[in-house]
Amino acid sequence: MVPKSVGILGGMGPEATVDLMRRVIRATPAADDCDHIHLVVDNNPQVPSRIKALLEKTGPSPLPSLQDMAHRLEQWGVDFLAMPCNTAHYYHAQIQDIVSIPLLDMIDISVAATLKESPQIRTAGILASRAVLDLGLYDQKFASHNVAVVHPENEPQQRLMQAIRTVKTDNYGSLEHKSLQESADSLVTQGAEILLIACTELSILAGELKSSVRCYDSAQLLAEAIVQKAMQ
């Protein structure tokens, strides 16, 4: 069987896009090159800032760029789309509206997978950008399953935002890992029964994260969903 092809709306940021591709490759049961999934990637770092558009209200909307990427990927013949940026999922419905192929919803996928594996939880800790938290992108989904959400306290969240910005420069190290760990610890202190990495820049740092509660990663869950859909 030849796997379906997937179009990736990428560049938000570039390393997070490459990280998703790596995760898809590792999640694919392949014995040779031809068993892997055809990825058509639009790695566009010029997509306008989601933070500036949605929170700071100082920049243009990224929606036209995202819709253009989706439309072009569809024209190139892919079977479905995926977007490794949690914040950009604010525009998911408007992107889906202009294409006839499915756009996977990383937020729906992450919440569903988390609750399938940890159905008993009543409090989830979210590690994400300020935009994802302030827009309540995960809060709304978890609330529909009677699960409360906690966010890092102000100072850890500020350091986490700086870590996200630093990862985008590809010049990160122990300080950024420490910021992620401190934020995770603050969520457990607040009663989080699981942690969810909900920023694809933080996914790059998450390999060294240690916690007394189970940690899920939206980038990994998206990669696994891509493989599953491509192999159907």
Open item on the list: Check for me, please, whether L205 and V132 land in the same ILVMFWY cluster - side-chain distances under 4.5 Å, paths through other members count.
Closed with: no
TODO: Answer with yes or no whether the side chains of N86 and S218 bring together a donor and an acceptor at under 3.5 Å.
DONE: yes
Open item on the list: Please say yes or no: joined through hydrophobic side-chain contacts below 4.5 Å, possibly via intermediate residues, are Y216 and L195 part of one cluster?
Closed with: no
Task: Side-chain donor or acceptor of Q157 paired with backbone N/O of H151 under 3.5 Å - done: no
TODO: Start with the C-alpha distance between S110 and Y138, add both sets of side-chain angles, then the distance that settles side chain to side chain contact (heavy atoms under 4.5 Å, CB included), and finish with yes or no.
DONE: CA-CA 9 Å; S110 298; Y138 279 92; 3.7 Å; yes
Open item on the list: Show, in sequence, the C-alpha distance, side-chain angles and deciding distance for E224 and Q228, and conclude whether the side-chain hydrogen bond (donor to acceptor under 3.5 Å, both in side chains) test is met.
Closed with: CA-CA 6 Å; E224 293 170 4; Q228 181 180 28; over 6 Å; no
TODO: Using a strict cut-off of less than 4.0 Å between a Lys/Arg side-chain nitrogen and an Asp/Glu carboxylate oxygen, indicate whether E117 and R214 qualify as a salt bridge.
DONE: yes
TODO: Look at atom NZ of K4 and say whether more than 12 heavy atoms of other residues, nucleotides or ligands are closer to it than 6.0 Å.
DONE: yes
TODO: Verify, without hydrogens or angle tests, whether H71 (side chain) and I98 (backbone) share a donor-acceptor contact under 3.5 angstrom.
DONE: no
- [ ] Just grab all the side chain to side chain donor-acceptor pair (under 3.5 Å) pairs involving residues 125-135, residues at least two apart or on different chains.
- [x] T87-S129, R130-D134
Open item on the list: Suppose we screen for salt bridge (Lys or Arg N to Asp or Glu O under 4.0 Å). Which residues come up paired with D108, at least two apart in sequence or across chains?
Closed with: K141
Task: Donor-acceptor contact present, side-chain Q96 to main-chain L103, <3.5 Å - done: yes
TODO: Considering only NZ, NE, NH1 and NH2 on the basic side and carboxylate oxygens on the acidic side, decide whether D79 and K229 come within less than 4.0 Å.
DONE: no
Open item on the list: More than 12 heavy atoms of other residues, nucleotides or ligands under 6.0 Å from OH of Y91: yes or no?
Closed with: yes
TODO: Indicate yes or no for a side-chain donor-acceptor contact from H92 to the backbone of A88 under 3.5 Å, with no hydrogens or angles considered.
DONE: no
- [ ] Mark yes when over 12 heavy atoms from residues, nucleotides or ligands other than E155 sit less than 6.0 Å from its CD; otherwise mark no.
- [x] no
TODO: Please identify each residue that fulfils side-chain contact (heavy atoms from CB on, under 4.5 Å) with E193, with sequence neighbours left out.
DONE: I121, R122, T123
Open item on the list: Side-chain heavy atoms nearer than 4.5 Å, only ILVMFWY residues, links allowed to pass through others: does that put L135 and V111 together?
Closed with: yes
Task: Joint cluster assignment, I8 & V99, ILVMFWY side-chain distance < 4.5 Å - done: yes
Open item on the list: Closer than 4.0 angstrom, basic N to acidic O: yes or no for E15 and K168?
Closed with: no
Open item on the list: Count I, L, V, M, F, W, Y as connected when their side-chain heavy atoms are under 4.5 Å apart, and connections chain through other members. Are L196 and V213 then in the same cluster?
Closed with: no
Task: R72 side chain to A70 backbone, donor-acceptor under 3.5 Å - done: no
